[in-house]
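Only one structure is covered here, and it is reproduced in the block below.
Computed from a prediction, not measured in an experiment: that's the story for all the values here. Computed over heavy atoms, backbone and side chain alike; hydrogens, waters and symmetry mates excluded.
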Amino acid sequence: MDRYRPNRRVQIEESEPPKYDDVEDEDRDGRDDDDDNSNRLRPSENNVTEDQEPFMGIKVRRKASLHRDYKGDYLDVASHPYLMKILQKQVVPTLELERILGFPIGQSFLAGVLYLGLMFRKSRGDKQVLFADKILKFTGSGKMKRRILLITDFAIYLVDPETDALKRRIALAAVEKMCLSELSDNFFAIIIPSEYDLLMASTRKTEIVTVLVEATKGASEELEVAFSNSFEYHAAAELVKEVVFEEVEGGIKTRILTKSESA
């Protein structure tokens with residue numbers, strides 16, 4: 001099986017790029033997916049203070065990522081009508097409403113009243129943007145795609161910056177876990193048992209994790225953050241991949257392996 005070694009760096013926005021980790025996708029056939037991806041990630045200008053740090057000493061941090069302040073909205077979402085339109089037309093799924101209420105809808109008259117109230121609130125769309133920035137998303141076939149990541153008080157949104165189209169919306173209530181390595185890389189996976197998972201990369205990974213942990217506090221099952229130098233995720237409904245991290249001279253080598261594919 002041929003190895004795909006795209007020592008590629010993807011330009012998200014103009015700025016001096018950080019060092020980016022090498023990625024090997026060992027289930028690929030050696031084809032180059034997108035020549036326009038051969039650029040770099042933009043470095044983070046924000047920082048994390050110790051009281052905001054969710055990693056509790058487990059994660060190896062870059063010196064530049066210590067003692068930072070969070071900005072949250074790096075895109076000025078309110079100034080982009082297409083992003084505001086996406087947020088304003090969303091409807092809250094039942095699962096998400098039940099997480100907010102703390103009990104199943106339909107059990108009582110009060111639940112019905114609260115349900116209607118929340119539906120009225122949400123008919124006006126998500127109002128609180130907790131995080132907004134450009135990131136990289138890895139597809140099931142191993143391609144890297146530029147995406148806008150929006151996190152609100154109710155959901156995670158992935159938007160295609162080329163077409164201004166919403167590609168995916170995930171209710172915060174559906175997120176079970178986040179997986180990260182113990183090394184100083186940019187990768188993280190969001191595990192969604194009821195759907196398929198997400199593997200992404202961002203120089204603001206620490207802030208993304210912290211925002212999601214804070215946004216899901218108070219839920220019946222709080223968000224788990226797991227650290228391991230190898231973890232699995234569902235790249236598609238029937239496709240499991242493993243991400244393996246190895247510290248090598250000069251940086252971190254990351255391999256994405258196909259574990260299994262159900263018939």
Side-chain angles (χ1 to χ4, degrees), residues 1-12 15-28 30 32-33 37-50 52-68 133-145 149 177-191 197-213 223-235 240-260:
M1 185 178 297
D2 294 336
R3 292 193 176 188
Y4 179 56
R5 297 177 179 270
N7 295 329
R8 302 182 298 177
R9 295 171 167 81
V10 179
Q11 178 70 40
I12 287 185
S15 188
E16 182 182 353
K19 292 181 179 179
Y20 196 62
D21 306 314
D22 290 342
V23 182
E24 295 182 358
D25 191 343
E26 297 204 348
D27 67 324
R28 299 305 309 280
D32 197 9
D33 295 322
N37 277 345
S38 57
N39 296 317
R40 298 181 180 179
L41 279 170
R42 184 165 67 99
S44 173
E45 296 175 355
N46 66 322
N47 296 283
V48 179
T49 59
E50 290 183 1
Q52 293 170 317
E53 174 62 78
F55 298 147
M56 298 175 292
I58 299 173
K59 186 77 178 175
V60 175
R61 304 296 307 283
R62 296 185 178 96
K63 290 181 180 180
S65 71
L66 297 174
H67 308 297
R68 292 182 169 180
D133 197 13
K134 293 181 180 180
I135 54 91
L136 292 177
K137 172 188 173 292
F138 291 80
T139 68
S141 63
K143 293 181 179 180
M144 293 188 291
K145 297 289 187 180
L149 172 66
K177 181 169 66 172
M178 295 192 70
C179 296
L180 306 91
S181 80
E182 298 175 354
L183 303 175
S184 56
D185 56 272
N186 294 319
F187 291 84
F188 63 98
I190 298 178
I191 309 302
D197 305 327
L198 284 171
L199 178 65
M200 296 184 284
S202 170
T203 54
R204 295 190 171 102
K205 174 183 61 179
T206 300
E207 183 172 357
I208 293 169
V209 175
T210 303
V211 165
L212 286 173
V213 168
L223 179 65
E224 177 186 354
V225 181
F227 297 89
S228 175
N229 288 340
S230 66
F231 58 77
E232 295 181 2
Y233 75 102
H234 280 81
V240 178
K241 290 199 171 188
E242 182 181 17
V243 188
V244 180
F245 302 87
E246 180 183 357
E247 193 167 13
V248 297
E249 184 177 358
I252 310 298
K253 182 169 73 173
T254 305
R255 292 179 294 155
I256 303 175
L257 315 173
T258 297
K259 293 288 290 186
S260 64

Legend entry - Rounded distance [0.5 Å steps], NZ in Lys253 versus CG in Leu183: 13.0 Å
Legend entry - Intermediate values then yes/no, side chain to side chain contact (heavy atoms under 4.5 Å, CB included), Phe188 and Ser202: CA-CA 8 Å; Phe188 63 98; Ser202 170; 4.1 Å; yes
Legend entry - Between CG on residue Leu212 and CG on residue Leu223, distance to nearest 0.5 Å: 6.5 Å
Inset, instruction - Mind listing the closest non-hydrogen atom pair of Ile191 and Glu232 along with its distance? - result: CD1-O, 4.2 Å
Inset, instruction - Check whether any side-chain N or O of Lys241 sits under 3.5 Å from a backbone N or O of Gly140 as a donor-acceptor pair, and report yes or no. - result: yes
Inset, instruction - With sequence neighbours left out, write down each residue that passes salt bridge (Lys or Arg N to Asp or Glu O under 4.0 Å) with Glu242, or none if nothing qualifies. - result: Lys259
Inset, instruction - Find the distance between CG (Leu149) and CG (Asp133) and round it off to the nearest 0.5 Å. - result: 8.0 Å
Inset, instruction - State, to 0.1 Å, how close Ala201 and Ile135 come at their nearest heavy-atom pair, and which atoms those are. - result: O-CB, 3.7 Å
Inset, instruction - To the nearest 0.5 angstrom, please state how far the CD1 atom of Ile190 sits from the NZ atom of Lys137. - result: 11.5 Å
Legend entry - Approximate separation, where rounding is to 0.5 Å, of Phe138 CZ and Ile256 CD1: 5.0 Å
Legend entry - Close side-chain approach of Asn229 to Glu247, heavy-atom, < 4.5 Å: no
Inset, instruction - Report the distance from atom CE of Met144 to atom OG1 of Thr139, rounding to the nearest 0.5 Å. - result: 10.0 Å
Legend entry - Stepwise side chain to side chain contact (heavy atoms under 4.5 Å, CB included) test for Lys205 and Asp185: CA-CA 9 Å; Lys205 174 183 61 179; Asp185 56 272; 3.7 Å; yes
Legend entry - Between Phe245 and Phe231, ring centroids under 6.0 Å: yes
Inset, instruction - Please list, chain by chain and in numerical order, all residues satisfying side-chain contact (heavy atoms from CB on, under 4.5 Å) with Ser228, sequence neighbours excluded. - result: Ser230
